[in-house]
4 protein chains.
Amino acid sequence: MVWRETFREQRRDAILEAAAEVFGEKGYQRATMKEIAARVGIAPGTIYLYFKSKRDLLLAIADRLIGQAVDQALAQAVHLDAKGYIAAILRDRLRFARENQAFLQALVTEVWTDPELQERFFTQIIGPIFASGSRYLQAQVAAGKLRPCRVEIVVPAVAGAIVLLSAMRALVPDRLLPDISDEELIEELTQLYLYGLAPREEER
Amino acid sequence: MVWRETFREQRRDAILEAAAEVFGEKGYQRATMKEIAARVGIAPGTIYLYFKSKRDLLLAIADRLIGQAVDQALAQAVHLDAKGYIAAILRDRLRFARENQAFLQALVTEVWTDPELQERFFTQIIGPIFASGSRYLQAQVAAGKLRPCRVEIVVPAVAGAIVLLSAMRALVPDRLLPDISDEELIEELTQLYLYGLAPREEER
Amino acid sequence: MVWRETFREQRRDAILEAAAEVFGEKGYQRATMKEIAARVGIAPGTIYLYFKSKRDLLLAIADRLIGQAVDQALAQAVHLDAKGYIAAILRDRLRFARENQAFLQALVTEVWTDPELQERFFTQIIGPIFASGSRYLQAQVAAGKLRPCRVEIVVPAVAGAIVLLSAMRALVPDRLLPDISDEELIEELTQLYLYGLAPREEER
Amino acid sequence: MVWRETFREQRRDAILEAAAEVFGEKGYQRATMKEIAARVGIAPGTIYLYFKSKRDLLLAIADRLIGQAVDQALAQAVHLDAKGYIAAILRDRLRFARENQAFLQALVTEVWTDPELQERFFTQIIGPIFASGSRYLQAQVAAGKLRPCRVEIVVPAVAGAIVLLSAMRALVPDRLLPDISDEELIEELTQLYLYGLAPREEER
DNA sequence: GATGAATGAGTGTTCATTCAT
DNA sequence: CATGAATGAACACTCATTCAT
């Protein structure tokens, strides 16, 4: 019984990963159930024993990302100082983007045009992360550790950097973006944002 | 003859704009030639007198963006000081994103999965902009006006901020991102990057 | 323009007739759009220019029957005496069954299991015919031309005879039911019902 | 061994009844083996240990009806006088229709389009009943108890009344057909046919 | 015997593209 | 040039049937 359960979950995961792969490569619309099945090594009909529809596959991918989006590393970072926090956040999000690359790419083509997916994506993934970052920044500003700033602008600005850099690494690794390690990225961006947000003398 | 030519071009443009609209709303795959035609007020077959295929419409949209991507404002900004340059770039790219919103949104769903589109998008649009920004930054660093930094990281970081903020304004204006004017955005981001890149005392 | 209109209607009719044929032969479920198209000599996709779906085809068949179900012959029969009326009704319904045989057979397999079809069939086709018959019978009874009877039983009884005899003629012409002309049927049934409903002496 | 046999038969019957139920509700084509199995409380695969195929289920249903179609009541009625005979036949067939409603309804959607089923249905069920009725009528006519008539028309006419009235009771109990008891039906129809077939003075 | 996961053939429907008018 | 009816390839999804356990 335990075995059965485990097997079902393993197969479900295998299908989900294959789907994310194919969605990521061809986009949701162009991806075919047949190819997803072929990549798992099963018949197309079998997928429907685990997922209600092609769309259900997409939503399941979203759910999985949601489950992974906010983890301990992120939660524990709030106890660090500004420099450590920024570095920790960058490190964790770069890791998240890398580990879930196929899943994120699978979703991204549809998020633009699918309201339900958009809703899930923004309220469940982006929203909590932004909220956490905003709260931390405001606390630091209040404590005089960072200069006053509009967090609703700064947080998306930092997020956008991570998103675009991760996307470029996944899509065009050789063009535009030379091979840069995570740590180099973190180092450079930490400086940029830390200095960019440091208390200004003229504002003291 | 000149008139004919003009009429052709006007109609071509009308089709292109309708296509961008529909692609933007539904995504390339879900958009139908029939709806594009209906929005122009012509028959579906007529589109094929102006464009070879549905895909050709997409490529033409890309071409049009390419034509608009690098304009004078951008070219002239290089003569400004760092603060002015950053503000000018931000202002210009926010304007570009706003003015070409439909066209950009039309492209974005397919850029992820279409190699040819990717090629055009990155080498023709992103590439030149990045190159220009990189050159300016390096010159400023050499002149001691900005601290040494890895431009291949900083430039995408700034670009990512613009991209994500523009995307969020287009997709989820009410959620997450309060109603912020361009100038407020520019002001905040200029500070962030200017201070973030200012020469450090310990590095002098 | 008139031509176009006529052509559209002709083609629509051709599709409808082919559909009725195939539905009648194989039943609605087993019938395929491909075969219907083939029988009209068009491509499967073309059917969808005239009908929204396979089901729409079925409902259109029902509508067509509804339009033909109650005609003048039936309406004028109410002015005849009992013998003439019964004969007229029988003649008209036998004709209706024969002329619309394919359409009726197309419908019959689905009427049993499809609530919407059932609704249409009973309220639009069976209902009006039964109502008309019931009214006539009651008037004749009131006038002392026929014996008192429960019309809600007699009318379906007569209808059932027509239905079963028509069905047997269509399905098993050689078995059970020898080759009998319409007039022979009418003659025999008219006697059966006329005598069966004639005023009884003991009831006067 | 006897027990085993009994268990097998019980389960076979249970499956058959569930199948008749589902076929009757949804029609043969729309019914699924899965639902039939679920209604018996077994796995789909188990059905195949008792029946060769879905179609085999349908044929078994037909066989079961055949076994029940002609019973003693029907056979003994031939010793009654015309009035008693007609009433007995009506009573018995109404009972048969009611008791086997699910089975009859299961068959009816397919009889129209399935030649083999048609064959069985008409030669094994309808045929013997018609033959028995015809024989009785002819004997009564020969004995001067009923007027000469074409039995090959009258018998289906009576049968059609029973079929349609039973069908309407099953399908649309509330519409068209008020709630009428079997005995009321028998009473009214017996009069209709008895008087309709009574010897005519002018024919004596 | 019983199970139920797996199969894969078959179908309704969509839509980019063509071409006769 | 313009039309829009016609095409037919492609694809998601269903479900009777099989077979390893």
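Numbers restart at 1 for each chain; the letters A, B, ... are given by sequence-line order, proteins then strands.
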Roughly how many Å is it from [atom1] in [X] to [atom2] in [N], rounded to a whole number?
{"X": "C:Lys34", "N": "F:dT7", "atom1": "NZ", "atom2": "P", "value": "14 Å"}
{"X": "D:Met33", "N": "F:dT14", "atom1": "CE", "atom2": "P", "value": "19 Å"}
{"X": "D:Ile36", "N": "F:dC15", "atom1": "CD1", "atom2": "C1'", "value": "12 Å"}
{"X": "D:Leu58", "N": "F:dA16", "atom1": "CG", "atom2": "C1'", "value": "14 Å"}
{"X": "C:Tyr48", "N": "E:dT11", "atom1": "OH", "atom2": "C1'", "value": "9 Å"}
{"X": "B:Leu57", "N": "E:dC15", "atom1": "CG", "atom2": "P", "value": "16 Å"}
{"X": "B:Ile47", "N": "F:dC1", "atom1": "CD1", "atom2": "C1'", "value": "15 Å"}
{"X": "B:Arg55", "N": "E:dA16", "atom1": "CZ", "atom2": "C1'", "value": "14 Å"}

Subject >> Lys NZ or Arg CZ of D:Lys54 over D:Tyr48 ring: under 6.0 Å, within 45° >> reply: no
Does OP1 or OP2 of [N] have a side-chain N or O of [X] closer than 4.0 Å?
{"X": "A:Arg11", "N": "E:dA5", "answer": "no"}
{"X": "A:Lys54", "N": "F:dA12", "answer": "yes"}
{"X": "D:Arg8", "N": "E:dG1", "answer": "yes"}

Original post:
From B:Phe51 CZ over to B:Ile36 CD1, what is the distance, rounded to the nearest 0.5 angstrom?
Top reply: 9.5 Å
Original post:
Across all strands shown, which nucleotide pairs with F:dC13 by Watson-Crick or G-U wobble geometry, both distances under 3.5 Å?
Top reply: E:dG10
Subject >> Identified pairing partner of E:dT21, criterion: Watson-Crick or G-U wobble below 3.5 Å >> reply: F:dA2
**OP:** Measure the shortest side-chain to side-chain distance between D:Phe23 and D:Glu110 over non-hydrogen atoms and say whether it is less than 4.5 angstrom.
**Re:** no
**OP:** Check every atom of E:dA6, F:dT17, F:dT7 against the side chain of C:Leu49 and return the nucleotide holding the closest atom.
**Re:** F:dT7
Subject >> Of A:Gln29 and C:Gly41, the one whose closest DNA chain F nucleotide lies more 5' >> reply: C:Gly41
**OP:** Without swapping roles, check the side chain of A:Lys26 against the backbone of A:Thr32 for a donor-acceptor pair under 3.5 Å.
**Re:** no
**OP:** Ignoring hydrogens and angles, tell me if any N or O in the side chain of D:Asp114 forms a donor-acceptor pair with the backbone of D:Leu117 under 3.5 Å.
**Re:** yes
Report which part of the nucleic acid [X] touches: base, sugar-phosphate, or nothing (heavy-atom distance under 4.0 Å, all strands).
{"X": "C:Thr46", "value": "base"}
{"X": "D:Ala38", "value": "nothing"}
{"X": "C:Ala37", "value": "nothing"}

**OP:** Could you pick out which residue, B:Arg30 or D:Tyr50, lies toward the 5' side of DNA chain E when each is mapped onto its nearest nucleotide?
**Re:** D:Tyr50
Subject >> Residue closer to the 5' end of DNA chain E, C:Pro44 versus B:Ser53 (nearest nucleotide) >> reply: C:Pro44
